[in-house]
Structure formats: structure tokens, C-alpha cells
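Note sheet for the following structure.
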Amino acid sequence: IEDYGSYLRSRFHFRDERLRDQFGSLLGAERRLHAGPYLELMPAFEPGSTVRQLVGEGVLNSRFLELDARVVQPDRPLYRHQHEAIDKVQRGRNVIVATGTGSGKTETYLLPIISELFAGLGVPGRRPHVRALLVYPMNALANDQLRRIRELLATTPSLTFGRYTGETPKDANDGLTR
């Protein structure tokens, strides 16, 4: 329900702040978009290694174990397709992960990217600049992923990130008032 509401808010973005607020209030109203209950059946994916095991094998940077364990869940097994994709990416291979919703596609690219960023922290002479660019097809997905990345990197202020969408204010002062 939250994802659908987020999609609708990003799909129907009103320039007028009053209309945008009213639309958000209506979307948040009790049972406006849903009459539930809803049931979604997910296939069982084959388990693979944990983040802790991948760190131990040298596939992922050890700084993953310094992140909030409630977020990174270092001892929860990843799915086998996630483990295999992460391992291939870390060995410089290209991968395509084509699986259904809830199958963990995000981890297959986000964990190797963050591992590489961790490896670059503290390297003498390394200057700040853009090191990774993630492109999402919808604002709702970009917003959801931004939330996930914020949670994951909340304890790592040396890794910074941002989001640019059609909703991003063009003027820095406008961005500060939101």
C-alpha cells in the first residue's frame, strides 16, 4: 500500500504545494486505495552465503560488519542468485539479474558498489567525486531505494549520496525549504 501510494505521488506530482499536500492526505486516508486483506505468494529462492561469510571469503569489504546489524543483517543468508551475482561482479564480470519482485535484485548491485566504495575510503590523494550512478525507471523506485541506502549507510557519513529526479528543486534555496 505504501509503495503504491509512493508511486501515485511520484506519478502525479503537482507543482502547487497545496494540491500536492491535499493529494497526499487523500492517499493516506483510511482504506482510500485498498480494501484488503491482500495475499502475495512468493517463490522460495535457494539460500546462499551470508554477508558475514562473503566478508570472510574476501568477496565483500569487512566494513559491512561495522554497519547497523539490524539493517545489513550479516548472518541472514542471501539467496543463491544474489551470492553468485555479487561474486561475479566482484571478479569484474558483467551480470544480468532477471527475477521477480522481492527476489533481492537490489543487493546484487548495491552490495558490490558499496564494497568498492568502502575499499576507496582513506586512500591517500583520493578526492571526492561521483563514483557510482544508479538509474531507476520511476521516481517511486528511486525514492524507495534512497530510503534503503539511507538506512544502510546511516553510520557511514564518509560515504555521501544524493538523488536527482524531476521533482528535485532547481535552486539550492528551494531545496533547503523542503
Leu110 side, atom CG; Leu134 side, atom CG - distance, nearest 0.5 Å: 7.0 Å

Salt bridge (charged side-chain N to carboxylate O under 4.0 Å, His left out) pairs, two or more places apart, involving residues 105-116: Glu107-Arg148

Among Asn61, Leu117, Ile86, Val95, side chain to side chain contact (heavy atoms under 4.5 Å, CB included) partner for Pro112: Ile86

For Asp87, side chain to side chain contact (heavy atoms under 4.5 Å, CB included) partners two or more places apart: Val59, His83, Arg91

Leu65 vs Arg52, side chain to side chain contact (heavy atoms under 4.5 Å, CB included): CA-CA, chis, key distance, verdict: CA-CA 7 Å; Leu65 301 180; Arg52 188 178 307 281; 3.9 Å; yes

Non-neighbouring partners of Arg80 that pass side-chain hydrogen bond (donor to acceptor under 3.5 Å, both in side chains), sequence neighbours left out: Glu46, Glu84

Leu133: hydrophobic cluster co-members (side-chain, 4.5 Å): Val135

Geometric class of the Phe12/Phe23 ring pair [parallel <30°, tilted 30-60°, perpendicular >60°]: perpendicular

CZ (Arg18) with more than 12 external heavy atoms under 6.0 Å: no

Polar side-chain atom of Glu66 near backbone of Arg63 as donor-acceptor pair, under 3.5 Å: no

Pairwise distance CG(Leu152) to CG(Leu159) - rounded to 0.5 angstrom: 9.5 Å

Pair listing, ring pair (Phe, Tyr, Trp, His ring centres under 6.0 Å) test, anchored in residues 88-128, at least two apart: Phe64-Phe118

Whether Ser115 side chain and Leu111 backbone form a donor-acceptor pair below 3.5 Å: no

Polar side-chain atom of Thr50 near backbone of Gln53 as donor-acceptor pair, under 3.5 Å: yes

Arg163/Asn143 under side chain to side chain contact (heavy atoms under 4.5 Å, CB included): CA gap, chis, key distance, verdict: CA-CA 8 Å; Arg163 173 195 62 180; Asn143 293 337; 2.3 Å; yes

Minimal non-hydrogen separation, Gln145 against Thr106, with atom names: OE1-CG2, 3.0 Å

Same cluster (ILVMFWY, side-chain, under 4.5 Å), Leu141 and Val97: no

Residue pairs fulfilling ring pair (Phe, Tyr, Trp, His ring centres under 6.0 Å) with at least one residue in residues 128-169, sequence neighbours excluded: none

Arg131 to Arg127 - nearest heavy-atom pair and separation: NH2-O, 2.6 Å

Nearest atoms (heavy-atom pairs only) where Ala119 meets Val123: O-CG2, 3.8 Å

Side chain to side chain, Ser103 and Phe45, heavy atoms closer than 4.5 Å: yes

Exercise: identify the closest heavy-atom pair between Pro77 and Pro47: CB-CB, 4.3 Å

Same cluster (ILVMFWY, side-chain, under 4.5 Å), Val89 and Leu60: no

From Met138 atom CE to Thr165 atom OG1, the distance as rounded to the nearest 0.5 Å: 13.0 Å

ILVMFWY network linking Leu78 to Ile114, side-chain heavy atoms under 4.5 angstrom: yes

Donor-acceptor contact present, side-chain His81 to main-chain Thr99, <3.5 Å: no

Inter-residue atom distance Glu151.CD - Leu67.CG, 0.5 Å rounding: 12.5 Å

Test log, rule side chain to side chain contact (heavy atoms under 4.5 Å, CB included), inputs Arg126 and Leu121: CA-CA 8 Å; Arg126 194 155 184 162; Leu121 290 177; over 6 Å; no

Side-chain donor-acceptor contact under 3.5 Å, Asn139 with Arg11: no

